[in-house]
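Accompanying notes for the structure given below.
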There are 2 protein chains.
Amino acid sequence: METLALPPQATQVGLAVDVAAFAMHGGELQVLLVQRGELPHARAWALPGGFVHPGEDLHEAALRELRTETSVTLEPRHLEQFYTFGAPGRDPRGRIVSVAHLAVLAHGAVDVTGGGHTLGAGWFPAHRPPALAFDHAAILTRALGRLRVRLEYAHLALEFLSDTFTLPELQRVHEAILDRPLDKRNFRKRLLAQGLLVASGERRSGVGRPAQLYRRAKGARAAAL
Amino acid sequence: METLALPPQATQVGLAVDVAAFAMHGGELQVLLVQRGELPHARAWALPGGFVHPGEDLHEAALRELRTETSVTLEPRHLEQFYTFGAPGRDPRGRIVSVAHLAVLAHGAVDVTGGGHTLGAGWFPAHRPPALAFDHAAILTRALGRLRVRLEYAHLALEFLSDTFTLPELQRVHEAILDRPLDKRNFRKRLLAQGLLVASGERRSGVGRPAQLYRRAKGARAAAL
DNA sequence: CCAAAAGTGTTCCGTCTACACCCATGG
DNA sequence: CCATGGGTGTAGACGGAACACTTTTGG
């Protein structure tokens, strides 16, 4: 593969990935953060991320960083890059370009501890995060914007839930991402009209009337891009 | 700025930008291509692009490549990155990651010749391009998809035209990007209802009834992101 | 007067919004 | 029986799609 040399003007830069990983927890949209163990920004919270290995695809690198910097073991239900941050000076160590990714984790995958060279990991409210290292606040803001857009196009909300779920649960996912309340009747009408959901048995929640359980209809795949 | 060294696991890669630059020409949507003068893919057509210089922002690099690889002198009316292509093996020279950009050039800026180390430059039909070097066909396809999306959100179609323009001209821009015909009455109604356009004098085209000239209303700015 | 392109309205239909009450269960 | 949350329908507003003829100019 190395049949030709890189031309002399080829700037060598550090290539990194950062991952904004979201999940629902306690009825709220949460983002996964790690506490840095090294300079720069030691002890500051940051998005999980790190350098891409030689020969490794960007997508693989994002998956690896998610697994090694946190104790998240489940595969993300959704992973896509959404923007590349490359301003000179965004990292004091030199020219580092980061391809930012958006990940969605299913409901179960919420217990995390740190891993690798981080001091810890945890979930934080996505719309009110703590102070973040580097330009990660800007990355998170943009990730939330992309998440909102994807909610309309693809059926990304389903990826936050287990295989079976209730409509009120699904509505809470939409509300958490859009950060505003939705009308119950209109929400149900719209979702059921799409024909992507099929009912199954019942379920009792702690209190109140039990909710109908739904499942994604087979043959319903997200419309990508 | 170089207060800290890059950690040893920091993969060094070549960082490039590629630009899919569009303009209207002859009532058709065209994309700007250059003919490569060097290996690999010598004499093949490709999107203009090249390596980012040290200390240079991605945006600046895209502008520079556009200016030096082609004779386009006007500033693009719109320039944004839309995807980063980083698969190992996409470039036989080694690991090269390219941040792909979408550019829109105004109506006048259509005379191009090659520059730098290219053999030439020219405009080609965007929906039926010639064979392209590297993975540039995939980049172009994705650029067209982004252009379609932007047409709805922002008011990107105006950037293809001069400051004053007629509604039929604007309609042709929309039709060229969407690659399908639009109804004249519905198009006018929709556009004028948005209140972003104001009328001015008249103009005679070669044949037929002269069309009203319009101008973008002041205080109308594209909704970004 | 003819060719060519600009300009103009109405109807229909589907989708979104607002809005209030009854139902099933557990304690 | 009461507290809690699940489930249901309708009317009005709005926006997009379909559709054909008249107007203005140059040659």
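We name chains A, B, ... by the order of the sequence lines, and we start the count at 1 in each one.
Along DNA chain C, the nucleotide closest to B:Pro168 and the one closest to A:Lys184 are compared, and the more 5′ of them pairs with B:Pro168. Nearer the 5' end of DNA chain D, as judged by each residue's closest nucleotide, is the contact made by A:Val207, out of A:Arg188 and A:Val207.
One cannot find a donor-acceptor pair under 3.5 Å joining the base of C:dT15 and the side-chain atoms of A:Lys189. Side chain B:Arg185 to base D:dA20: a donor-acceptor pair is found below 3.5 Å.
Among the nucleotides D:dT25, C:dC19, D:dC19, the one closest to any side-chain atom of B:Glu202 is D:dT25. Side-chain proximity of A:Arg172 to the nucleotides D:dA17, C:dT25, D:dG6 is greatest for D:dG6.
Judged by distance alone, with hydrogens and angles left aside, the side-chain atoms of B:His78 form no donor-acceptor pair with the main-chain N or O of B:Pro76 at under 3.5 Å.
Direction change of the helix axis from one end of the helix from C:dC1-D:dG27 to C:dT15-D:dA13 to the other is 20°, with five pairs defining each end axis (rounded to 10°).
At a threshold of 4.0 angstrom between heavy atoms, the contacts of B:Arg180 with the nucleic acid are absent.
The cationic atom of B:Arg146 (NZ for Lys, CZ for Arg) does not lie both less than 6.0 Å from the six-membered ring centre of B:Phe82 and within 45° of the ring axis.
Not one side-chain nitrogen or oxygen of B:Arg209 sits closer than 4.0 Å to the OP1 or OP2 atom of C:dT8. OP1 or OP2 of D:dT24 has not a single side-chain nitrogen or oxygen of B:Arg203 nearer than 4.0 Å.
Using a 4.0 Å cut-off between charged nitrogen and carboxylate oxygen, B:Glu69 and B:Arg64 do not count as a salt-bridge pair.
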